[in-house]
Amino acid sequence: MNRTLRVAATTLAATLAATVGLANPAWAASYSAPLRTAVAALTVATEVRTGYSRGLFPHWIDADGDKCNTRNEVLLAEAVTAPTITGSCTLSGGRWYSYYDHAYWTATGDVDIDHMVPLAEAWDSGARNWSTSRRQAYANDLDDPRSLVAVTDNVNQSKGDKDPATWMPSYSSARCRYVNEWVATKTRWRLTVDTAEKDALTSLASSCTNVTISVTYAY
């Protein structure tokens with residue numbers, strides 16, 4: 001399923017879940033609100049980096065046993081030209097679009113899979129209190145296409161573990177989409193934001209169309 005269909009399916013699932021959700025929003029199955037309302041709803045808390053290690057987020061697993069790990073599953077889902085699959089999920093002949101910098105690539109080595117909210121940022125924002133299995137689920141989240149995105153490798157490296165207060169895509173037309181996907185991911189996983197991050201998101205969202213952000217919560 002391509003990215004557009006995956007986003008549509010995720011939005012529909014969240015909307016349906018909201019319709020039948022529990023009365024108590026703390027235990028609701030989903031959340032749906034205009035972008036600026038969703039930003040305002042993010043909980044502010046001090047970030048804590050103590051104890052972080054990338055190894056605490058087991059990632060690029062093969063959850064369904066089809067020999068394609070999470071990285072390759074995203075590459076397959078986001079390819080604008082479908083690659084050929086050989087052997088143990090070796091991909092060739094595909095083409096990918098990196099929306100962060102409006103660039104196209106045909107070699108998988110030129111493409112990184114970015115955790116929309118970086119692993120270190122997730123740790124700082126609440127994942128330090130999660131079980132290893134929940135951190136693994138976060139690091140390999142294929143259930144919401146906004147959580148993981150195929151982008152130019154050196155652009156992903158320039159982003160590192162920065163939040164929107166200190167890094168945004170260089171391609172200006174990508175910024176509102178980036179804000180939407182950042183807010184959706186933080187909301188889905190009930191992650192907090194620090195003050196500078198919330199201020200930046202509030203300012204950025206004020207210049208974006210106030211689209212509806214719909215997510216199904218991860219449990």
Side-chain angles (χ1 to χ4, degrees), residues 6-7 10-15 17-19 21-52 56-57 99-100 114-131 134-135 137-149 151 156 159-169 172 174-219:
R6 289 169 68 210
V7 170
T10 299
T11 301
L12 176 60
T15 302
T19 301
L22 300 178
N24 183 348
W27 296 102
S30 65
Y31 175 85
S32 186
L35 171 62
R36 291 191 275 277
T37 301
V39 170
L42 292 169
T43 300
V44 175
T46 301
E47 293 188 351
V48 179
R49 181 63 58 92
T50 304
Y52 170 71
L56 293 170
F57 292 80
Y99 88 82
Y100 289 5
D114 182 33
H115 290 92
M116 172 55 58
V117 175
L119 301 181
E121 169 68 20
W123 176 272
D124 298 351
S125 306
R128 63 188 177 278
N129 299 316
W130 296 350
S131 65
R134 182 168 173 81
R135 287 194 291 267
Y138 176 83
N140 298 275
D141 185 9
L142 294 173
D143 292 328
D144 189 315
R146 295 165 292 194
S147 297
L148 299 168
V149 57
V151 298
N156 182 47
K159 171 182 171 178
D161 59 9
K162 301 179 184 72
D163 68 31
T166 53
W167 189 91
M168 287 292 291
S172 60
R175 291 173 185 166
C176 285
R177 174 178 169 182
Y178 187 82
V179 169
N180 294 345
E181 296 191 351
W182 182 279
V183 173
T185 303
K186 283 253 169 163
T187 301
R188 170 170 164 75
W189 289 90
R190 301 180 188 269
L191 293 169
T192 61
V193 293
D194 63 25
T195 300
E197 180 185 354
K198 187 156 188 175
D199 288 347
L201 289 170
T202 300
S203 176
L204 290 160
S206 69
S207 299
C208 296
T209 302
N210 200 26
V211 298
T212 298
I213 302 294
S214 296
V215 302
T216 299
Y217 287 121
Y219 289 98

A.B. asks: List the atom of Ala165, the atom of Ala196, and the distance in Å for their closest heavy-atom pair.
C.D. replies: CB-O, 3.7 Å
A.B. asks: Which salt bridge (Lys or Arg N to Asp or Glu O under 4.0 Å) pairs, counting each pair once, include a residue from residues 201-219, with sequence neighbours left out?
C.D. replies: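 Counting only pairs at least two positions apart or across chains, no salt bridge (Lys or Arg N to Asp or Glu O under 4.0 Å) contact touches residues 201-219.
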A.B. asks: Please name all residues satisfying side-chain hydrogen bond (donor to acceptor under 3.5 Å, both in side chains) with Trp182, sequence neighbours left out, ordered by chain then number.
C.D. replies: Glu197
A.B. asks: Just by modelled atom types, is the Ala200 backbone N or O under 3.5 Å from a matching donor or acceptor in the Ser203 side chain?
C.D. replies: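 Checking the backbone N and O of Ala200 against the side chain of Ser203, no donor-acceptor pair under 3.5 Å is found.
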A.B. asks: Could you tell me how the ring of Tyr52 sits relative to the ring of Phe57: parallel (under 30°), tilted (30 to 60°) or perpendicular (over 60°)?
C.D. replies: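 Taking Phe57 first and then Tyr52, their aromatic rings sit tilted (interplane angle of 30° to 60°).
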A.B. asks: Are the side chain of Arg175 and the backbone N or O of Leu204 linked by a donor-acceptor pair below 3.5 Å?
C.D. replies: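 Checked: no pair found.
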A.B. asks: Checking Asp114 now: which residues fulfil side chain to side chain contact (heavy atoms under 4.5 Å, CB included) with it, not counting sequence neighbours?
C.D. replies: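 With neighbours one apart ignored, the set is Tyr100, Val149, Val151, Asn156, Lys159.
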A.B. asks: If only atom types and distance count, is the side chain of Arg135 paired as donor or acceptor with the main-chain N or O of Leu56 below 3.5 Å?
C.D. replies: yes
A.B. asks: Heavy atoms only: give me the nearest Val215-Ala184 pair and the separation to one decimal.
C.D. replies: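 Heavy-atom minimum between the residues: CG1-O, 3.5 Å.
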A.B. asks: For Thr209, enumerate each residue passing the side-chain hydrogen bond (donor to acceptor under 3.5 Å, both in side chains) test, keeping only those at least two apart in sequence or located in another chain.
C.D. replies: none
A.B. asks: Once rounded to the nearest 0.5 Å, what's the spacing between atom OH of Tyr178 and atom CE of Met168?
C.D. replies: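 If we round to the nearest 0.5 Å, Tyr178:OH and Met168:CE are 7.0 Å apart.
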A.B. asks: Taking only residues two or more places apart in sequence or in another chain, which ones pass side-chain hydrogen bond (donor to acceptor under 3.5 Å, both in side chains) with Ser125?
C.D. replies: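 Counting only residues at least two positions away or on another chain, Ser125 forms a side-chain hydrogen bond (donor to acceptor under 3.5 Å, both in side chains) with Glu121, Lys186.
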A.B. asks: Got a sec, which residues hit ring pair (Phe, Tyr, Trp, His ring centres under 6.0 Å) with Tyr138, two or more places apart in sequence or on another chain?
C.D. replies: Trp130, Trp189
A.B. asks: If you compare all heavy atoms of Arg146 against all heavy atoms of Ser214, which two are closest, and at what distance to 0.1 Å?
C.D. replies: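 Minimum heavy-atom contact is NH2-O, 2.7 Å.
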A.B. asks: Between Ser32 and Thr212, which heavy-atom pair has the shortest distance, and what is it?
C.D. replies: OG-CG2, 3.2 Å
A.B. asks: Under the rule for salt bridge (charged side-chain N to carboxylate O under 4.0 Å, His left out), what residues qualify as partners of Arg134, not counting sequence neighbours?
C.D. replies: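 In terms of salt bridge (charged side-chain N to carboxylate O under 4.0 Å, His left out), with neighbours along the sequence ignored, Arg134 is linked to no residue.
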A.B. asks: Over all heavy atoms of both residues, which pair between Leu191 and Ala127 is shortest? Give the atoms and the distance, please.
C.D. replies: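 That would be CD2-N, 4.0 Å.
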A.B. asks: What pairs with Asp163 under salt bridge (charged side-chain N to carboxylate O under 4.0 Å, His left out), at least two apart in sequence or on another chain?
C.D. replies: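 For Asp163 there are no salt bridge (charged side-chain N to carboxylate O under 4.0 Å, His left out) partners, ignoring immediate neighbours.
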A.B. asks: CD1/Ile213 to CG/Leu35 distance, rounded to the nearest 0.5 angstrom?
C.D. replies: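 Ile213 CD1 to Leu35 CG: 5.0 Å, rounded to 0.5 Å.
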A.B. asks: List the atom pairs, with distances to 0.1 Å, where a side-chain N or O of residues 36-48 and a protein N or O form a donor-acceptor pair under 3.5 Å, not counting sequence neighbours.
C.D. replies:
residue	atom	partner	partner atom	Å
Arg36	NH1	Ala205	O	2.9
Arg36	NH1	Cys208	O	2.9

A.B. asks: To the nearest 0.5 Å, tell me how far Leu148 CG sits from Met116 CE.
C.D. replies: 9.0 Å
A.B. asks: Check for a donor-acceptor pair, side chain of Trp123 on one end and backbone N or O of Thr50 on the other, with a separation under 3.5 Å.
C.D. replies: yes
A.B. asks: If we only count heavy atoms from C-beta on, is the Thr185 to Asp144 side-chain gap below 4.5 Å?
C.D. replies: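 Answer no - side chains too far apart.
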A.B. asks: Can you name the residues that form a side-chain hydrogen bond (donor to acceptor under 3.5 Å, both in side chains) with Arg49, not counting sequence neighbours?
C.D. replies: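 Expected list: Asp124, Asp161.
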